[in-house]
Amino acid sequence: MLNFIARRILQSVFVMLAVGFIAFAMFRYVGDPINNMVGQDTTLAQREALKKQLGLDDPFMVQYLRFIGHAAQGDFGVSYRQRRPVSELIASRMPATLELSFVSALIALLLGIPMGIYTALKRRGVLSHTFMTISLIGISLPTFLIGILMILVFGVLLRWLPSFGRGEVVHLGWWTTGFLTKSGWLSLIMPAFTLALFQMTLIMRLVRAEMLEVMQTDFIKFARARGLPERMIHFRHALKNTLVPVITITGLQLGSIIAFSIITETVFQWPGMGLLFIQSIGAVDIPVMAAYLLLIAFFFVIINLIVDLLYFAVDPRLRLQKN
Amino acid sequence: MALLDIEKLHIEFASRHGALTAIDNVTLSLEKGEILGVVGESGAGKSTIGNAVMRLLEPPGKMTGGAVSLQGRRIDQLPPHQLRELRGRRISMIFQDPLTSLDPLQTIESQLVETMLVHLSLTRQQAHARAVELLESVGIPEPRLRLQQYPHQFSGGMRQRVVIALALCCEPEVVIADEPTTALDVSIQAQILDLLRKLCKEKQVGMILITHDMGVIAEITDRVAVLYRGKLVEEGPTGKILGNPDHPYTKSLISAVPRPDVKLRRFPMVTYIENVQTDSRKDLDIRTHWLGQARDYGRHDDTPLLRVENLGMRFVLKDAFLKKNRRMLDAVKGASFTIREGEVFGLVGESGSGKSTIARLIAGLYKASSGSVIFDNVNVTALRNEAGLNAFRRQIQMVFQDPYSSLNPRMRILDIVAEPIRFHKLASSEAQTRAIVADLLDYVGLGQRALRRYPHEFSGGQRQRICIARALATRPRFLICDEPTSALDVSIQAQILNLLKDLQEKLHLTILFISHDLPVIRQMCDRVGVMRHGELLEVADTETLFAHPQHEYSKHLLSLMPTLHFMSREGLELEKPATLA
Amino acid sequence: MDSTSTWARLRNSDLLYSFCHSPMAVVSALLALAIILGAVCAPLIAPHNPFDLASLNLLDANNPPAWADDGSTQFLLGTDDQGRDILSAILYGSRISLLVGLASVLFSIVLGVTLGLISGYAGGRIDGVIMRIADVQLSFPAILIALLIDGIARGLMPRDLQDRLSLYVLIFAIGISGWVQYARTVRGATMVERNKEYVQAARLIGMRPFTILRRHILPNVLGPVLVIATIHLAVAIITEATLSFLGVGIPPTTPSLGTLIRIGNSYLFSGEWWISIFPGLTLVLLALSVNLLGDWLRDALNPRLG
Amino acid sequence: QSKTLHWAYQGDMMSLDPMSLNETFTLGFQGWFYETLAGYDKNLKLVPMLATSWENPEPTKWIFHLRKGVKFHDGSPFTADDVIFSWKRSLTPGSDMKGYGAKATDVKKIDDYTVEVITPGPNPILPRDWTFLYIMSKKWSETHNTTQATNVKGGESNYANMHEDGTGPFVVVDRQPDVKTTLKRFDGYWNKNMPTNVTDVVFQPITQESTRVAALISGEMDIVQPVPVQDWPRLEKEPNVRVLNEPEARAIFIGMDQHRDQLLFSNVKGKNPFKDKRVREAIDLTVDTNVINKKIMRGAAKPLGTLIADKINGYDESFGKPYKPDVAKAKKLLAEAGYPNGFEVQLDCPNDRYVNDEKICQAVASMLARVGIKIDLLAQTKSKYFAKVLLQAGNNTSMYLLGWTPSSIDADNSLVNLVSCRNPKTAAGQFNLGGYCNPKIDAITAKIESETDQAKRNALIKQAFTMLRDDYGYLPLHQQPMSWGVRKGIKVAQRADDVLDIRNVVMP
Ligand SMILES: Nc1ncnc2c1ncn2[C@@H]1O[C@H](COP(=O)(O)OP(=O)(O)OP(=O)(O)O)[C@@H](O)[C@H]1O
Ligand SMILES: Nc1ncnc2c1ncn2[C@@H]1O[C@H](COP(=O)(O)OP(=O)(O)OP(=O)(O)O)[C@@H](O)[C@H]1O
Ligand SMILES: [Mg+2]
Ligand SMILES: [Mg+2]
């Protein structure tokens with residue numbers, strides 16, 4: 001097991017190197033950072049000088065190697081846009097994104113799984129059809145539209161919830177949390193639901209599909225014959241046997257919640273890494289983009305490692321095959 | 001008032017091609033402390049009756065008539081929560097397919113304990129203690145360690161015993177046991193039957209015992225019911241039915257039971273067919289049939305076809321980072337034997353002794369931990385390239401012990417059986433393929449209708465026959481049969497064993513035959529190996545073994561073989577005069 | 001079976017039977033068909049051609065639907081900010097959206113399922129490599145990948161080819177960013193499935209791993225794939241809209257469904273709801289019908305569900 | 001009694017360092033805590049700030065008399081040394097204000113409250129040029145090791161980037177870039193007559209238009225800018241909200257490549273249709289800026305026939321009114337020029353830079369389609385757009401939409417940047433992306449630069465722009481609207497450079 005993890009971590013270094021490489025190969029296509037760094041009166045010569053100073057006219061391989069060299073020493077450079085060290089910048093934005101992702105993942109799981117089970121068991125029920133349909137409406141509209149409709153209803157018409165931002169935050173060391181204040185919680189509701197909607201639908205449908213499959217198996221029949229209560233059959237036996245695909249997708253979705261909370265964060269002006277990233281794309285803030293992508297790569301490597309470990313935890317049949 | 005009453009039961013499986021009547025007007029009753037045997041043709045509807053009593057019929061199965069009552073109370077209409085209290089607690093059932101009855105993701109312990117906690121007012125510790133006790137009573141060694149394991153770590157027979165333990169753990173009043181001992185070796189079988197009998201006599205439990213094994217019927221049942229194509233054809237006290245059957249079907253059934261005491265040239269076939277249908281069985285002439293064509297491997301020298309040398313297989317039971325914490329299990333240790341071309345080699349032995357593991361090693365499904373398998377002078381264990389392996393695989397086929405999981409649930413039977421033919425392009429046209437498949441299915445006793453159905457629509461025995469048909473469809477040179485007939489009624493069993501015999505005799509098919517059924521082994525095999533705890537204890541000619549077993553364990557095994565001398569011998573084709581009394 | 005007509009065989013097939021007996025499936029199929037037909041026949045049935053710039057009149061802009069107070073019957077569902085007839089724009093726009101959505105999802109599935117099967121079945125080093133590539137891929141939001149591919153395509157292709165190929169570039173970009181979900185899901189299921197005895201039976205026949213994967217494992221792991229794919233369709237259509245915002249792919253003068261929604265988005269507050277709501281509704285209906293069809297198909301393909 | 005103002009803008013200022021970025025919003029916001037020698041009042045009129053008066057004794061020399069008794073936020077007094085230090089700092093490598101710094105060759109201290117500035121050539125508008133050259137405290141900068149402007153290249157963070165020490169009316173209490181900036185009133189501010197009664201400010205950037213508007217309607221924000229023009233009707237119905245609208249000093253126009261011999265993105269090969277004045281005239285006559293204003297800008301913009309807005313020094317109605325549309329004549333002109341069926345050309349357009357930019361381009365495309373000019377519209381985000389069209393990035397464009405605010409609020413700036421022939425040496429024509437070149441206008445521009453008599457200067461400006469107009473050098477569209485949403489009861493002055501000056505905000 002330790003061996004497995006160690007090998008994975010080693011591989012993750014390669015993953016991150018590859019991510020960095022691709023990232024630098026594509027930064028040329030994102031735009032030209034210089035125009036965002038200077039005012040309109042700055043002369044062409046000054047612009048050229050700045051470009052040269054930043055090494056932006058070097059071939060991307062040179063830029064990449066330079067970045068990797070510095071990153072290896074823990075130096076991710078200075079943001080072009082904010083002129084602050086990137087590591088500091090990302091650290092200040094990470095808590096917001098992680099808290100949002102955590103809550104919406106929780107919502108997606110806590111609603112998605114029971115609804116999936118319900119719709120699988122009561123396949124022809126009215127409520128099942130309602131769940132299945134409504135959840136689809138949620139995913140077939142773009143996130144920005146859903147977000148704005150939510151703001152319109154809950155922020156503007158009803159005025160129950162703040163329409164943007166994170167509310168009051170409490171500092172705990174370098175971490176900032178919105179979990180300790182009322183306005184923090186209120187602010188969290190809309191973005192978390194918006195973000196969770198898609199994942200919830202996916203999880204619900206997957207759980208349903210897998211449950212239908214598992215409920216046909218002989219061991220479920222035998223569990224019935226043993227007189228086990230339905231609850232136990234559904235949750236302990238059936239649900240657990242559906243978990244392999246569900247874990248996979250949940251893991252991936254959790255990763256993408258963190259990685260792609262971009263739109264939600266933008267709509268709700270949620271001060272997290274996604275918003276930072278979209279602004280960085282806008283400003284072609286190469287150091288921030290590079291560091292962000294590496295961080296996301298790292299998250300995914302970890303998440304996928306956990307998913308693979310969970311496979312082993314959930315399914316004993318997979319456990320002994322690694323040799 | 002009987003303990004359990006089944007009255008005029010009628011069950012149908014509806015489909016859009018018409019309804020199939022699985023049970024037609026069957027009436028049975030069971031008294032306290034009584035063991036009622038149910039025998040009959042495979043697919044006759046025995047399991048269906050059990051399922052109906054438990055209200056676990058799979059859709060589209062439906063009870064269309066009749067009543068089931070427990071101690072005079074109708075139970076076929078109970079609301080779900082009352083039903084739940086009934087199941088497992090008052091009536092429990094042992095399913096025919098022990099290999100898939102267990103949740104693959106839960107340890108044996110958690111499945112046992114949860115059942116007890118639901119029905120009995122026990123603490124977790126008490127339940128655990130009882131679980132250990134139960135496993136011990138069904139003859140599983142090292143119960144404490146085994147409790148922590150998962151179903152896939154158990155051999156077929158061990159899983160069957162776990163299922164039995166699960167069914168008995170709440171001391172039910174009625175037990176429906178569907179083929180509870182098919183996967184068990186004789187000594188364990190004796191132990192289990194003893195357990196069941198004690199349960200019935202001491203605790204006044206009523207039991208319906210569904211089985212194909214006439215030895216078992218003879219040994220423990222009080223009464224026997226004979227089922228044929230969904231109908232009850234005869235019922236009566238065991239001695240009467242076995243010794244002096246009335247109905248022509250029962251008669252031919254009994255004549256087909258393999259005898260341990262005499263060796264037959266061919267098995268007698270059930271000749272009784274009530275209303276002849278289109279799918280009536282026709283005999284195959286192997287010499288002219290496709291099955292017998294192009295089978296010359298160009299070699300008839302004296303070197304054995306298969307040589308197994310010092311074969312070993314070790315499973316990891318508990319993995320750990322530190323070597324000293326790991327627990328390994330030697331499922332097979334240093335097994336060596338040879339099989340000549342055209343020989344039938346039998347493998348018998350304790351359940352969990354490693355027979356299936358050897359079979360899988362030979363078939364190349366497991367990688368051996370040590371030793372080698374040499375097939376046709378090629379060391380297969382050392383083969384790496386695909387081409388070589390494939391050439392070898394075409395010649396070897398295997399019938400798996402578990403007929404439930406060895407069929408792809410999403411393929412029709414036609415496609416399953418035709419697959420090897422199509423894959424190796426053994427037939428010249430699609431039409432011929434279909435004809436061949438139809439012949440094969442016909443011969444294993446499944447009609448044309450089976451072609452377009454899916455595996456789950458078949459009874460256990462029917463699935464096993466599909467597996468056999470598929471294995472034969474490659475026209476193999478070497479066939480591994482892992483309990484090929486355990487779920488078959490004697491009539492079908494006879495037919496299939498005859499087919500195998502024919503293939504062996506006429507085409508030099510080589511067979512590795514694993515079975516618990518000593519009479520069958522005796523009838524089928526030229527030489528036999530005896531296994532226990534992963535070791536091959538003794539290899540001998542069949543007759544020598546049965547007459548003069550060398551090893552203590554072999555002697556013990558043979559002593560437990562049931563004798564069926566009270567059954568009539570009329571119409572048997574003896575190979576040579578009876579040697580044993 | 002000789003060729004007694006494929007039609008007869010189709011009529012006999014279980015699939016068609018179960019289809020005709022599921023009202024939900026029939027209704028959603030009709031709905032999907034209507035949308036697809038509308039898209040395909042747009043030039044024939046649309047009252048205006050919204051892609052023909054010369055026919056637009058800015059003075060017609062922002063007309064409400066015909067039934068509203070100052071609506072005009074000329075524009076049944078109203079007009080957008082450029083004076084485009086919304087109904088026609090929806091018909092024409094769904095052509096692009098459907099093409100992009102279907103093609104890119106198909107592309108993801110083919111790529112993802114293939115790699116997932118290989119990965120799960122082979123295990124070991126191959127699995128490691130494929131899954132690490134997946135990790136790399138996951139780290140890039142679809143938007144960035146699209147930017148990259150679009151940039152490279154623009155760099156490599158001559159200018160006159162770009163316009164014709166931009167659609168395919170878009171499909172490729174969206175497709176390539178979606179394969180991982182399929183790959184990882186299929187891989188997990190394959191790892192479970194490959195140990196079942198029916199797979200071993202197939203190995204004994206001498207089937208090559210690829211054949212086993214295709215014939216035996218694939219049908220048994222397709223359930224979750226279908227779930228993700230049907231959801232993915234709507235997502236792909238929306239992603240196209242997001243990308244068009246970045247100037248990758250389809251120009252705003254030939255709007256797709258997603259682009260219409262995006263355009264209309266900025267008019268939601270001002271009360272010109274019809275610009276985004278009607279295309280949104282079309283998308284919802286499309287997603288709904290496709291998903292319901294997917295649900296039905298999955299159940300119908302499972303022989304055990306009566 | 002405390003009054004807290006909640007304010008939202010579409011972005012954040014980039015830095016607290018007043019020399020890091022020469023961009024209107026950043027500088028405007030910095031003006032709340034930093035001050036210059038001379039500044040603008042609410043009508044963009046030059047008024048004394050840290051200098052009480054100034055004179056121009058010789059063409060190349062200016063003298064500024066500094067205000068006495070002014071204190072920085074850390075309590076230290078403001079003197080001539082700080083002015084000299086700030087000028088020098090504006091010339092350090094990281095500074096983006098080098099252009100302003102370069103307006104002087106030397107700044108000398110006469111005494112503690114007088115400085116003398118030597119300019120490289122005659123400069124009639126130096127105080128105007130320096131309205132955004134903020135004065136920092138020399139002592140504070142030295143203490144915190146921030147005597148150089150924040151540089152991206154440095155690696156470590158610059159103290160001035162996250163902290164300020166100005167003389168302005170507000171002090172930055174807490175700064176979380178992109179998230180929230182909190183300011184409070186500076187008790188020691190020199191100008192006790194400042195109208196504002198605000199004591200605290202909470203600033204939060206909100207990038208999404210709809211979210212911003214929602215925050216205003218829901219009462220979370222007091223002032224938001226900008227609000228989308230199409231939301232006006234809705235906002236006007238809200239009882240507690242008011243929309244402020246003034247035409248901004250930014251002109252929006254479309255440029256055409258008149259430099260290359262063959263267009264990069266067009267189906268016309270071997271020649272450049274835009275070099276033909278008739279083609280340009282046809283285009284200017286086809287596009288109806290009034291309709292664009294009415295439908296796309298909801299009547300909020302001011303249609304223009306030139307490149308400078310009416311607030312700009314030198315604007316004149318004679319050349320500022322839009323061209324009169326005449327499609328028939330346009331068709332004829334095109335036919336004469338040899339394009340009876342029009343031609344195809346790509347139009348580059350940003351989609352997140354100017355108000356409704358992409359929509360404007362679409363409208364232009366469909367209007368031009370009527371005379372057969374087929375526009376292939378490439379609308380992209382601003383960073384990709386600028387990376388395609390700007391000179392430094394290769395100028396890969398045949399036709400483009402651009403907006404321009406002359407930072408000195410003087411027409412000369414537009415002439416130099418947009419109209420002058422490109423000249424890499426003098427940095428003239430830097431934003432003349434179409435390469436329009438008329439040596440006669442260049443000659444007039446040179447005269448404008450050194451003419452110190454305002455009346456004569458204005459006449460020259462008029463002459464230059466009239467020539468440009470007659471030459472159909474550009475397709476001018478309109479003056480972009482400034483659109484602010486304000487809570488009812490709050491008094492604000494909407495300055496034409498879109499800067500919100502806190503000094504003029506009065507809360508109820
Ligand atoms: N789900 C189903 N759909 C259709 N037919 C079914 C289904 N399950 C069982 N049958 C049919 O019902 C009949 C009775 O099956 P059952 O399992 O009761 O047989 P059995 O007597 O237990 O046979 P065996 O001894 O082989 O286990 C068989 O012909 C089988 O094909
Ligand atoms: N995958 C596995 N992991 C761990 N242990 C296993 C595994 N498969 C089999 N075993 C163990 O190996 C031993 C031999 O199993 P095998 O299946 O060969 O027995 P068998 O002789 O076929 O028994 P039966 O007659 O009951 O089928 C058993 O103790 C079993 O628990
Ligand atoms: Mg059965
Ligand atoms: Mg076995």
Side-chain angles (χ1 to χ4, degrees), chain A residues 1-8 120-125 207 209-247 308-323, chain B residues 50-51 53-59 80-81 83-107 110-112 114-119 149-153 163 166-167 169-170 172 176 315-322 367 404-405 409 456:
Chain A
M1 191 64 54
L2 276 177
N3 207 342
F4 176 74
I5 295 174
R7 211 172 45 228
R8 260 311 185 64
L121 299 179
K122 302 250 163 23
R123 202 147 63 94
R124 303 189 203 283
V207 168
E210 290 297 299
M211 278 289 273
L212 282 178
E213 206 98 324
V214 173
M215 289 308 286
Q216 310 300 319
T217 55
D218 293 311
F219 64 81
I220 294 296
K221 194 168 150 196
F222 187 54
R224 290 234 164 85
R226 283 188 277 150
L228 297 187
E230 290 294 303
R231 189 172 31 85
M232 211 152 163
I233 294 178
H234 298 157
F235 287 89
R236 199 134 154 209
H237 295 279
L239 184 61
K240 199 168 176 200
N241 275 277
T242 64
L243 280 184
V244 166
V246 175
I247 288 177
D308 283 347
L309 291 179
L310 276 180
Y311 280 178
F312 297 140
V314 165
D315 195 335
R317 286 167 297 183
L318 299 175
R319 249 173 247 172
L320 301 169
Q321 280 162 10
K322 311 168 265 168
N323 55 359
Chain B
N51 285 336
V53 171
M54 297 298 287
R55 292 257 309 269
L56 282 172
L57 278 176
E58 267 185 58
H81 65 277
L83 192 66
R84 194 159 62 235
E85 282 158 21
L86 199 79
R87 285 178 184 160
R89 180 72 185 95
R90 299 186 61 195
I91 309 183
S92 72
M93 178 153 179
I94 300 163
F95 283 108
Q96 189 172 4
D97 43 343
L99 298 162
T100 48
S101 286
L102 297 169
D103 183 344
L105 305 188
Q106 309 270 355
T107 58
S110 82
Q111 304 191 42
L112 270 166
E114 75 184 358
T115 315
M116 287 188 267
L117 290 184
V118 164
H119 292 296
Q149 292 186 344
Y150 292 90
H152 72 279
Q153 291 169 301
V163 171
L166 268 166
C169 68
C170 298
I176 302 169
F315 287 109
V316 186
L317 284 189
K318 215 171 109 193
D319 197 17
F321 190 63
L322 292 178
K367 274 208 165 28
Y404 284 85
S405 66
H456 74 273

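Heavy atoms only: backbone and side chains are in, while hydrogens, waters and symmetry mates are out. Here is how names work: the chains are called A, B, and so on, in the same order as the sequence lines, proteins then strands, and each is numbered from 1.
Shown here are the ring pair (Phe, Tyr, Trp, His ring centres under 6.0 Å) partners of A:F222, two or more places apart in sequence or in another chain: B:F95.
Taking chain A as the reference chain and counting heavy-atom pairs below 4.5 Å, the highest number among B:D103, B:L56, B:I91, B:I94 is found for B:D103. Top candidate by heavy-atom pairs under 4.5 Å with chain A, chosen from B:R89, B:Q149, B:H119, is B:H119. Of the listed residues (B:S110, B:G88, B:P172, B:S101), the one with the most heavy-atom contacts under 4.5 Å to chain A is B:S101.
Neither the backbone nor the side chain of B:T107 comes within contact range of chain A; no heavy atom of the residue lies under 4.5 Å from a heavy atom of that chain.
Listed by first and then second residue, the salt bridge (charged side-chain N to carboxylate O under 4.0 Å, His left out) pairs that reach into residues 231-243 of chain A are A:R236-B:E114, sequence neighbours excluded.
In this structure a side-chain-to-backbone donor-acceptor pair under 3.5 Å is present from B:Q111 to B:Q106.
The shortest non-hydrogen separation linking A:A120 to A:M211 is CB-CB, 3.5 Å.
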